[in-house]
Number of protein chains: 2
Amino acid sequence: MNGPGATGERILDAACEVFLEKGKAGARMQEIAARAGINKALLHYYFRSKEELYRQALTRELTTFFRELVESVRPAGDMETFLRSFIDNYIDRLSRNPQVVRFLTWEIGSGGPVARNVIAGIVQGNEGGPIYPVYRETFSRGIAAGAIRPVDPQHLLFSLVGMCIFVFLAAPILTAVFPEIDPSEKEFIEKRKKEIFDLVWNGIKAEKGGNDVRD
Amino acid sequence: MNGPGATGERILDAACEVFLEKGKAGARMQEIAARAGINKALLHYYFRSKEELYRQALTRELTTFFRELVESVRPAGDMETFLRSFIDNYIDRLSRNPQVVRFLTWEIGSGGPVARNVIAGIVQGNEGGPIYPVYRETFSRGIAAGAIRPVDPQHLLFSLVGMCIFVFLAAPILTAVFPEIDPSEKEFIEKRKKEIFDLVWNGIKAEKGGNDVRD
DNA sequence: CTATAATTTAACCGTATGGTTAAACCAAAT
DNA sequence: ATTTGGTTTAACCATACGGTTAAATTATAG
C-alpha cells in the first residue's frame, strides 16, 4: 500500500500511545494491534516481538525529538541571546511533546537501556558534529570574555535541563500539590520561560565592573 | 514474632526492591515472596493483592522520605543560609535515597495516582502545619526586605527541585552521554550543591544599591 | 497443655499473554 | 491471468501469572 496510513508507521504510532500510557510491561500487544486498526497476526508480521516493537517505537520518538532539539542549538553572538533561545526552544519542544517525556520516564525507570543508546548516539554524532562541545565552547568563550561568571558549563547544562523538564515530568505530582497550576497552559509556559531565564541570566552574568569584552 | 525481621516489613522491603527494579506491571509476586524469604501463600496472607502491596510499599517509602524532607525545611534568619540549607538537605537526601527517586519515576510514568495522594497529604498537612506557606513566606519576606529580587517563589521552588533532582533522576541517560560523571560519587554531589547554590544565589540576591533592610 | 496465630507445602484454578500457524482473501503489479 | 505480498480469520499453544484453598506444621502466648 505505502499510502499515507502505511501500516508500519500506524503500528508504531499505536505502540507509542500504549507504551507511554502503560509502560513496556503493562502494554498489551492486542491493544496495540487494535489501536493500529489491525490484528495480532499482522502485528507480529511487522514486528517479531514486543521487545523489538518497543525498541523501534522508542527509538523513533527519541530520535525525532532529540535530533530537532540538538539542531536548534546554534551558537549565538551574545550569551544572553544564546541562553534565551536555549530555554525557549527547549521548553517549547517539551510542552509540545509531552508524550516523549512520559515515554522517557518509563524508560528511565527501567534503567534506560534503549534510551542510552539512542540519545548518546544523537548527542555525540549528529550531522553538525558533536553538540556538547559547541554548547561548552559557547560558555567558555563567554567566561573568557568576562561576559559571564566562571560557572561550570556542564553543571549549568544539568541545571538548565532540570529546570526546564521538571514541571513537565513531575506534572502528575505538581498538580496534586498545586491544583491551581497547569503545565500545559500557555500562560504558565511563558511564565516558566521567563522565570528560568531571569534566574539563570542573573545567576551567570558578570557583576558590574567586571570585564565586558566582546570578541 | 514481631522481632526485628517482622514479616510485614520484610515483605514491604522486598516489594520496594522489586517494584523499583521492574515497575508495578513488571514485578512478580513470586519474586517478592522469594526476596522476603517466604512463599506466595504467606504473601497473600499479609497483602490481599499486588495492587494493595504496591500502594502500601510506595506509601511507606514516600511518607518516610518526604516527611523527613519537609521537616528539614526550617525558616532561617537570612536568605543565604536558608537557600544553602535547602539545597544541601535536598541533595543529600536524594543521593542517599536513590531508590525513592526511581520508585517515583515508575509511578510518574503511570500518572502517579498513589504518589499524588501521599505527597499532597504530607505537604499540606504535616505536624508543623502546611509546609509550602512557610517556604513562600520566607521568600516573600526576603523580597519585601529587599534582600532578594522579586522572583516568583513558586517557580523558584520548581527550579530548585528540578535542578536538585535532575541528575539523580536522569542518571541512566546522563551517564551514557557523559561517561566521566557519576551522580552517586561524593565529589560530584558536593560540586553539584555548590554550583546550584552559586547559580541561584547570584540569580536571586538583590543588586548592589538595592535596599538591604533587615527586619 | 492448649488455643491461637504464623508459616509451609503443594496442588489447583481461571485467565491473560506473547507468539504461532495455516488457510483463505484481496488488491495491485506483471 | 497470474503472481505477489499485505491482510484477515480463527484456532491454537505453552506458559506465566495473580490469586485461592486446604491441610499440615511450627511457634507463641495464656
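Residue numbers begin at 1 in each chain, while the letters A, B, ... track the order of the sequences. Note that these values count all heavy atoms, side chains included, but never hydrogens, waters or copies made by symmetry. Here the structure is a predicted model, which is why all the values come from computation and not from measurement.
A salt bridge links Glu31(B) with Arg35(B): the closest approach of a Lys/Arg side-chain nitrogen to an acidic carboxylate oxygen falls below 4.0 angstrom.
One atom, CG of Leu42(B), and another, P of dT8(C), lie 6 Å apart when rounded to the nearest Å.
Only Lys40(B), listed by number, bring a heavy atom of residues 32-40 of chain B to less than 4.0 angstrom from any atom of DNA chain D. Scanning residues 19-28 of chain B for heavy-atom distances under 4.0 Å to DNA chain C yields an empty list. Heavy-atom distances under 4.0 Å link DNA chain D to Tyr45(A), Tyr46(A) of residues 43-58 of chain A, given in residue order.
No side-chain donor-acceptor contact under 3.5 Å links Arg192(A) and Ser95(A). For Glu180(A) and Gln154(B), the side-chain atoms include at least one donor-acceptor pair closer than 3.5 Å. In the model, Ser85(B) has no side-chain atom that pairs as donor or acceptor with a side-chain atom of Asp88(B) under 3.5 Å. The closest side-chain donor-acceptor pair between Gln99(B) and Glu21(B), if any, does not fall under 3.5 angstrom. Inspection of the Glu137(B) and Tyr132(B) side chains reveals no N or O donor paired with an N or O acceptor under 3.5 Å.
His155(A) places no side-chain N or O within 3.5 Å of a backbone atom of Val151(A) that could act as its donor or acceptor partner. Side chain of Trp106(A) to backbone of Leu20(A): a donor-acceptor contact under 3.5 angstrom is found. Distance alone, capped at 3.5 Å, is enough to place a donor-acceptor pair between the Glu107(B) side chain and the Ala115(B) backbone. Distance alone, capped at 3.5 Å, places no donor-acceptor pair between the Arg48(A) side chain and the Tyr45(A) backbone.
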Table of protein N/O atoms under 3.5 Å from nucleotides 24-29 of chain C N/O atoms:
none

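Glu52(A) is linked by a salt bridge (charged side-chain N to carboxylate O under 4.0 Å, His left out) to Arg55(A), counting only residues two or more places apart in sequence or in another chain. Scanning for side chain to side chain donor-acceptor pair (under 3.5 Å) contacts around Arg93(A) gives Glu68(A), Asn89(A), with sequence neighbours left out.
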